[in-house]
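Have a look at the structure below, then the notes.
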Amino acid sequence: MLPPLHAPMEAFATLSRCTSSSELGQRVGELAAAYGVQYWLYAVDLPLVNDRREQFTLGGYPEGWVNHYLACDYLRIDPIVAHCHDHATPLNWARASEELARGQDPRTRRVRQMFGEAAEFGLGAGISIPLHGPGAGWGLMSFAAHAWLAPRLAAHTAELHLLAHFVHEQARRYCRATPASRQPNDVPRLTRREREALYWASAGKTSWEIGQLLGISERTVIFHMQNASQKLGVSGRQAAVARAVAMGLIAAH
């Protein structure tokens with residue numbers, strides 16, 4: 001078979017012949033390697049802001065990085081996860097890093113630290129593709145490699161975007177079904193800041209304390225809380241927290 005660089009549609013279509021998740025994962029690794037990808041991760045129904053509910057994944061990152069990422073609770077501040085939840089377009093990690101370089105608040109410094117540590121584990125460059133639609137409320141597929149391969153990944157963003165959706169089409173056969181009470185259209189789409197504000201409110205933090213934790217003003221925290229309450233169809237902070245927890249948008253602290 002021709003390498004996917006020459007005929008991506010034909011090569012990606014062969015994923016439909018896979019009869020198990022392990023076979024699918026092996027084939028995806030072979031296809032992605034043609035674009036310089038060294039590590040990849042497909043994940044749907046991801047947890048948000050410390051929520052540890054069940055999710056479905058294929059592929060993976062170095063075990064050492066996964067353990068470190070979880071130990072540092074980077075999920076709560078990861079801009080890649082936030083982007084893929086709130087957008088539909090690919091995210092080049094280099095662009096995210098450039099935007100972070102301009103910020104000096106505590107959260108921004110911690111995210112820069114996260115990217116720096118990821119590079120030490122061989123994840124210095126990456127492209128992440130948001131996934132929404134059939135088979136899952138939302139998810140992502142990330143393709144990563146050492147930093148020196150960043151130009152190659154960037155040059156093949158379109159092919160990787162296409163591959164991610166072919167993978168999603170096949171992998172959803174192995175994902176658990178979305179419960180009827182959690183259909184995507186019934187769940188409000190909160191922004192990352194709104195989820196963070198609600199999470200810390202569930203821990204009993206005041207608006208001023210939340211602002212200190214997130215590196216934003218107290219007035220901005222109140223603004224995010226009001227927006228979240230409106231989206232959730234409730235009035236008041238405690239009602240918003242309770243509704244967000246019930247819908248699985250955050251985990252109770």
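Counting from 1, the numbers follow the sequence of the chain as shown.
Trp200 and Trp208 fall into different hydrophobic clusters, where Ile, Leu, Val, Met, Phe, Trp and Tyr are joined by side-chain heavy atoms under 4.5 Å apart, directly or via other members. Note on Ile129: it clusters hydrophobically with Leu162, by side-chain heavy-atom contacts below 4.5 Å among ILVMFWY residues. Under the 4.5 Å side-chain heavy-atom criterion for grouping Ile, Leu, Val, Met, Phe, Trp and Tyr, Phe121 is connected to Val111 within one hydrophobic cluster. If you chain together hydrophobic residues whose side chains sit under 4.5 Å apart, Val234 and Val221 fall into the same group. Phe143 and Met9 fall within a single hydrophobic cluster, where Ile, Leu, Val, Met, Phe, Trp and Tyr side chains are chained together by heavy-atom contacts under 4.5 Å.
Taking both residues in full, the closest heavy atoms of Thr57 and Ala43 are given as CG2-CB, 3.7 Å, listed atom of the first, atom of the second, then distance. Minimum interatomic distance between Leu123 and Ala144 (heavy atoms only, all atoms of both residues): CD2-CB, 3.6 Å. Taking each heavy atom of Ala11 and Arg27 in turn, the nearest pair found is O-NH2, 4.2 Å. The two residues Tyr61 and Ser142 make their nearest non-hydrogen contact at OH-CB, 2.9 Å. Heavy-atom minimum distance, Trp40 versus Gly29: NE1-CA, 3.5 Å. The two residues Asn92 and Ala94 have their closest heavy-atom pair at OD1-N, 2.8 Å.
Atom CZ of Phe223 has 12 or fewer heavy atoms from other residues, nucleotides or ligands within 6.0 Å. Sparse packing is recorded around CD of Gln230, with 12 or fewer heavy atoms of other residues, nucleotides or ligands lying under 6.0 Å away.
The shortest distance between side-chain heavy atoms of Tyr69 and Asp78 falls below 4.5 Å. Looking at Met114 and Pro79, their side chains come closer than 4.5 Å, going by heavy atoms from C-beta outward. Using a 4.5 Å heavy-atom threshold, the side chains of His85 and Pro130 count as separate. Between His68 and Glu117, the closest side-chain pair of non-hydrogen atoms falls below 4.5 Å. Between Pro8 and Leu163, every side-chain heavy-atom pair lies at or beyond the 4.5 Å cut-off. Taking 4.5 Å as the limit, every side-chain heavy atom of Tyr35 sits out of range of all side-chain heavy atoms of Ile127. Between Glu209 and Gln212, every side-chain heavy-atom pair lies at or beyond the 4.5 Å cut-off.
The CD atom of Glu159 sits 8.5 Å away from atom OG1 of Thr157, with the distance rounded to the nearest 0.5 Å. For the atom pair Gln238 CD and Ser229 OG, the distance stands at 10.0 Å (nearest 0.5 Å). Atom CG in Leu24 sits 9.0 Å away from atom OH in Tyr42 (nearest 0.5 Å). Considering CG of Leu214 and NZ of Lys205, their distance stands at 11.5 Å, rounded to 0.5 Å. Here CG of Leu70 is found 8.0 Å from CG of Leu75. Values are rounded to the nearest 0.5 Å. Distance check: Leu198 CG to Met225 CE gives 5.0 Å after rounding to the nearest 0.5 Å.
Of the possible polar contacts, one joining the Gln38 side chain to the His146 backbone as a donor-acceptor pair under 3.5 Å is found. A donor-acceptor contact shorter than 3.5 Å links the side chain of Glu194 to the backbone of Thr191. At least one donor-acceptor pair under 3.5 Å links the side chain of His87 to the backbone N or O of His83. Judged by distance alone, with hydrogens and angles left aside, the side-chain atoms of Lys231 form no donor-acceptor pair with the main-chain N or O of Leu190 at under 3.5 Å.
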Practice task
Evaluate the side chain to side chain contact (heavy atoms under 4.5 Å, CB included) criterion for residues Val28 and Phe166: first the C-alpha distance (whole Å), next the side-chain angles of each, then the deciding distance (0.1 Å), finally the verdict.
Solution key: CA-CA 10 Å; Val28 172; Phe166 269 87; over 6 Å; no
Exercise for the section: Given side chain to side chain contact (heavy atoms under 4.5 Å, CB included), test Trp93 with Ser128 step by step and report yes or no. Expected result: CA-CA 8 Å; Trp93 297 3; Ser128 291; 2.9 Å; yes
Handout entry: His224 and Ile216: CA distance, side-chain angles, deciding distance, side chain to side chain contact (heavy atoms under 4.5 Å, CB included) verdict
Key = CA-CA 11 Å; His224 289 311; Ile216 58 179; 4.1 Å; yes
Practice task
Under the salt bridge (Lys or Arg N to Asp or Glu O under 4.0 Å) rule, what do Glu23 and Arg17 come out as? Steps first, then yes or no, please.
Solution key: CA-CA 9 Å; Glu23 182 182 355; Arg17 302 173 192 165; over 6 Å; no
Problem - Arg110 and Tyr74: CA distance, side-chain angles, deciding distance, side chain to side chain contact (heavy atoms under 4.5 Å, CB included) verdict - result: CA-CA 9 Å; Arg110 191 155 181 255; Tyr74 281 149; 4.1 Å; yes
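Counting only N and O atoms by type, the side chains of Ser207 and Arg237 include a donor and acceptor under 3.5 Å apart.
Each of Val167, Leu160, Leu15 was checked for a side-chain contact (heavy atoms from CB on, under 4.5 Å) with Leu31, and the lone residue meeting it is Leu15.
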